[in-house]
Amino acid sequence: MSALAELLAGLREAVALGGPVVALLGGVSIVALAVVLAKLWQFRGLGVGRHEAVRRALREADAGAEAAARAALARSPSHLSPVLARALGAGAGQARSRLQAEIDAGLARLESGFRLLDSVVQLAPLLGLFGTVLGMIEAFQALQAAGAAVDPSALAGGIWVALLTTAVGLGVAMPTALCLTYLESRVAAERALADEALEVLLRPGFGPGPAPEAAAHVAGLAHA
């Protein structure tokens, strides 16, 4: 409890020194942290990044073992598995656009909240700079009011307090940017795997029914 009390005391002191801008940045940082934690929980629940079973299914499909591929997809925790299971065995006759749309919709749900995090990354340094400008204005107003009796220590104190908001803004923006980059890389990996899987499962000649060359041969025998 003592550590928490010290943290809260430090936050109150920072807000008292930096004013409403620091308080606003504190609220923005709480929102950003909540979004990051929610996205990590969502990614875990949807099996994002857990590709072992999906890749095993693709290897089995390449080897022509459709039953083994379906079993691997059934064990997969990935959110891509249901769509890939429908694509498996459907062959080139399956509408790729329909499957691609379902995958894109799932990836869009994963990307929800990214705009907010990106806004925090861009807005937090600007808020910090805004607070610094306001603080500098107050410091130079005090300097003007002091006239000839200028206290350099008071001026320096006003300047570092003004710069505090810029430091807080950067402190909010930088970890948020790192978290956003990490989340975006996870979604990019999901999209790359989905594209690869559709290429494998919907390639011509894969799936039920004869391959195109065999179908042409059968048609030629029928006309003979």
Side-chain angles (χ1 to χ4, degrees), residues 31-32 34-122 176-224:
V31 172
V35 171
V36 170
L37 292 178
K39 297 309 296 183
L40 291 175
W41 182 265
Q42 180 191 28
F43 281 20
R44 178 179 176 84
L46 294 177
V48 173
R50 301 168 69 180
H51 300 155
E52 296 83 2
V54 173
R55 294 197 178 279
R56 186 180 305 113
L58 295 181
R59 290 194 296 270
E60 297 289 354
D62 264 334
E66 183 177 332
R70 288 191 182 278
L73 287 176
R75 293 191 300 269
S76 172
S78 174
H79 64 105
L80 297 173
S81 299
V83 180
L84 299 183
R86 289 196 297 275
L88 180 63
Q94 175 71 26
R96 181 190 178 103
S97 59
R98 172 73 177 273
L99 297 171
Q100 187 69 58
E102 292 184 31
I103 290 175
D104 290 341
L107 295 176
R109 286 192 295 271
L110 293 180
E111 291 176 336
S112 63
F114 285 11
R115 286 286 187 91
L116 177 59
L117 294 178
D118 184 62
S119 297
V120 170
V121 171
Q122 298 184 43
T176 304
L178 290 175
C179 292
L180 178 59
T181 300
Y182 170 75
L183 295 174
E184 287 178 337
S185 67
R186 299 289 296 273
V187 175
E190 295 293 302
R191 179 173 285 109
L193 177 64
D195 291 341
E196 176 188 354
L198 289 183
E199 287 295 329
V200 170
L201 300 178
L202 298 181
R203 69 183 185 271
F206 184 82
E213 295 81 358
H217 178 67
V218 171
L221 291 177
H223 286 294

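Side chains are part of it too, since the values below use all heavy atoms of this structure and drop only hydrogens, waters and symmetry mates.
In this structure, CD on E52 lies 10.0 Å from OG on S78, to the nearest 0.5 angstrom. Between L180 atom CG and R115 atom CZ the span is 11.5 Å, to the nearest 0.5 Å. In this structure, CZ in R191 is found 9.0 Å from CG in L110, a value given to the nearest 0.5 Å. Taken to the nearest 0.5 Å, the CG atom of D118 stands 10.5 Å off from the OG1 atom of T176. The distance from atom NE2 of H79 to atom CD1 of I103, rounded to the nearest 0.5 Å, is 9.0 Å. The distance from atom OG of S185 to atom CD of E190, rounded to the nearest 0.5 Å, is 10.5 Å.
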Residues R75, R56; criterion side-chain contact (heavy atoms from CB on, under 4.5 Å); working and verdict: CA-CA 11 Å; R75 293 191 300 269; R56 186 180 305 113; 4.2 Å; yes

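Proximity of R55 to E196: side-chain heavy atoms (C-beta onward) are separated by under 4.5 Å at one or more points. L183 has its side chain out of reach of E111: every pair of non-hydrogen atoms, C-beta onward, lies at least 4.5 Å apart. In this structure the side chain of Y182 reaches within 4.5 angstrom of the side chain of L40, judged on heavy atoms. Looking at V35 and V120, their side chains never come closer than 4.5 Å, going by heavy atoms from C-beta outward.
V54 and S76 make their closest contact through CG2-OG, 3.5 Å (heavy atoms, listed as atom of the first residue, atom of the second, distance). Residues L117 and A32 share a closest heavy-atom pair of CD2-O, 3.8 Å.
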